[in-house]
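First up is the structure itself, then whatever we jot down about it.
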Amino acid sequence: DRFVFQKYIEKPMLITSRKTEIRVYWMIACLKPLLVLVYTDHVLRLNAMPFSLGDWNNPLVHITNINQQREAGNFDEIKHDLKWMFADLKEHLVSEMGYPREKADAIQPQIFQILKNAVKAMRPKFIETLGRFELFGMDVMCDTDLHVWLTELQLGPGLSHTGHPVKVQVIPPMVAETAAIAHNVLTQQAQTGTVVADKLPLKKYHLLVSE
């Protein structure tokens, strides 16, 4: 049998006393050449109940997952407070929690490096064929030093957004840009047999890997 062990982060970054994680959307736009892009509007997700080291069987305290948080009795009242834009998180860290601006700004570069490392680890499994792209998700969390930790990679990140202001800001434009990039890649391949990364129609996506 094979097992994956993950360290529990005893001192997570707390926002309004609650445990959090950051959802990151990213895509593989092309496998030959390998083009990996990350969407720069991330979403902060918060738990419904205050954090404490204890009450280990209570997912409302320890598991930052929307399906778990829906079990909170007051979920309908607080659901709009459980998702923040990444830019709002950084501003809160500086203005309300006293972190230096440069420390808050260093979160995203850490996210990018983690994703680069993950892609490098997966690269031997990629099958280099034309005409394929995929949208993925990644969840990370910060500790009190704002060190970023990878918690999960998703093959099929949720794209529902109806009725939630933060996801309405993120999901539709992200999906539209994903489609535009994929179409551009297919068009370049059909016309020239290759893909030039500089010709991708990037708005909020950041080109992370081009090789």
Side-chain angles (χ1 to χ4, degrees), residues 9 11-29 36-48 50-51 63-69 78-119 135-154 156-181 200-209:
I9 307 302
K11 295 182 179 180
M13 175 189 72
L14 302 181
I15 301 297
T16 61
S17 301
R18 293 172 288 180
K19 189 176 177 181
T20 64
E21 71 178 4
I22 300 169
R23 164 58 57 88
V24 180
Y25 296 97
W26 61 286
M27 72 176 295
I28 295 179
V36 179
L37 303 100
V38 56
Y39 199 68
T40 53
D41 274 352
H42 316 313
V43 177
L44 179 76
R45 306 195 298 197
L46 294 82
N47 282 10
F51 175 77
I63 301 178
T64 310
N65 176 287
I66 191 61
N67 290 325
Q68 296 286 349
Q69 301 307 312
I78 66 173
K79 62 182 179 181
H80 288 170
D81 298 327
L82 301 185
K83 287 187 174 67
W84 293 16
M85 295 293 292
F86 181 66
D88 294 332
L89 165 65
K90 292 204 301 178
E91 189 58 37
H92 181 85
L93 289 171
V94 175
S95 63
E96 301 296 328
M97 299 180 67
Y99 283 98
R101 174 71 63 181
E102 58 270 21
K103 198 142 189 173
D105 288 341
I107 294 175
Q108 192 168 68
Q110 291 182 72
I111 291 172
F112 290 175
Q113 189 58 54
I114 287 171
L115 184 52
K116 276 186 178 181
N117 293 343
V119 169
L135 176 66
F136 300 94
M138 178 174 76
D139 292 335
V140 299
M141 62 181 294
C142 297
D143 60 24
T144 52
D145 290 327
L146 302 190
H147 178 83
V148 181
W149 300 81
L150 172 65
T151 58
E152 186 179 2
L153 295 168
Q154 296 96 10
L159 299 177
S160 62
H161 57 276
T162 302
H164 199 289
V166 168
K167 295 195 77 174
V168 165
Q169 288 186 65
V170 174
I171 301 299
M174 184 269 295
V175 170
E177 189 174 348
T178 301
I181 292 169
L200 296 176
L202 304 185
K203 295 179 181 178
K204 290 194 174 183
Y205 264 105
H206 168 74
L207 182 63
L208 192 69
V209 176

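For the numbers below, each heavy atom of this structure counts, side chains included, while hydrogens, waters and symmetry mates do not. Throughout, numbering of the chain's residues begins at 1 and tracks the sequence.
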Ignoring hydrogens and geometry, is there a side-chain-to-backbone donor-acceptor pair from [X] to [Y] under 3.5 Å?
X: D143; Y: D145; answer: yes
X: H42; Y: Y39; answer: yes
X: Q110; Y: L146; answer: yes
X: K167; Y: S160; answer: yes
X: T40; Y: K204; answer: yes

Going by atom types alone, do D139 and Q154 pair a side-chain donor with an acceptor below 3.5 Å?
-> yes
Just checking, any donor-acceptor pair under 3.5 angstrom between side chains of Y205 and T178?
-> yes
Mind checking the [atom1]-[atom2] spacing from [X] to [Y]? Nearest 0.5 Å is all I need.
X: C142; Y: K103; atom1: SG; atom2: NZ; answer: 11.0 Å
X: L44; Y: H92; atom1: CG; atom2: NE2; answer: 9.5 Å
X: T16; Y: M97; atom1: OG1; atom2: CE; answer: 9.0 Å

Of all heavy-atom pairs linking L82 and N47, the shortest is CD2-O, 3.6 Å
Could you point out which residue of L208, L115, L37 forms a side-chain contact (heavy atoms from CB on, under 4.5 Å) with W26?
-> L115
Electrostatic pair K203:E177 at N-O distance under 4.0 angstrom | no
Below 4.0 angstrom, N of the basic side chain to O of the carboxylate: do E152 and R23 qualify?
-> no
Take the angle between the ring planes of F112 and H206 and call it parallel below 30°, perpendicular above 60°, tilted in between.
-> parallel
Which residues share a ring-ring contact (aromatic ring centres under 6.0 Å, His included) with H161, sequence neighbours left out = none
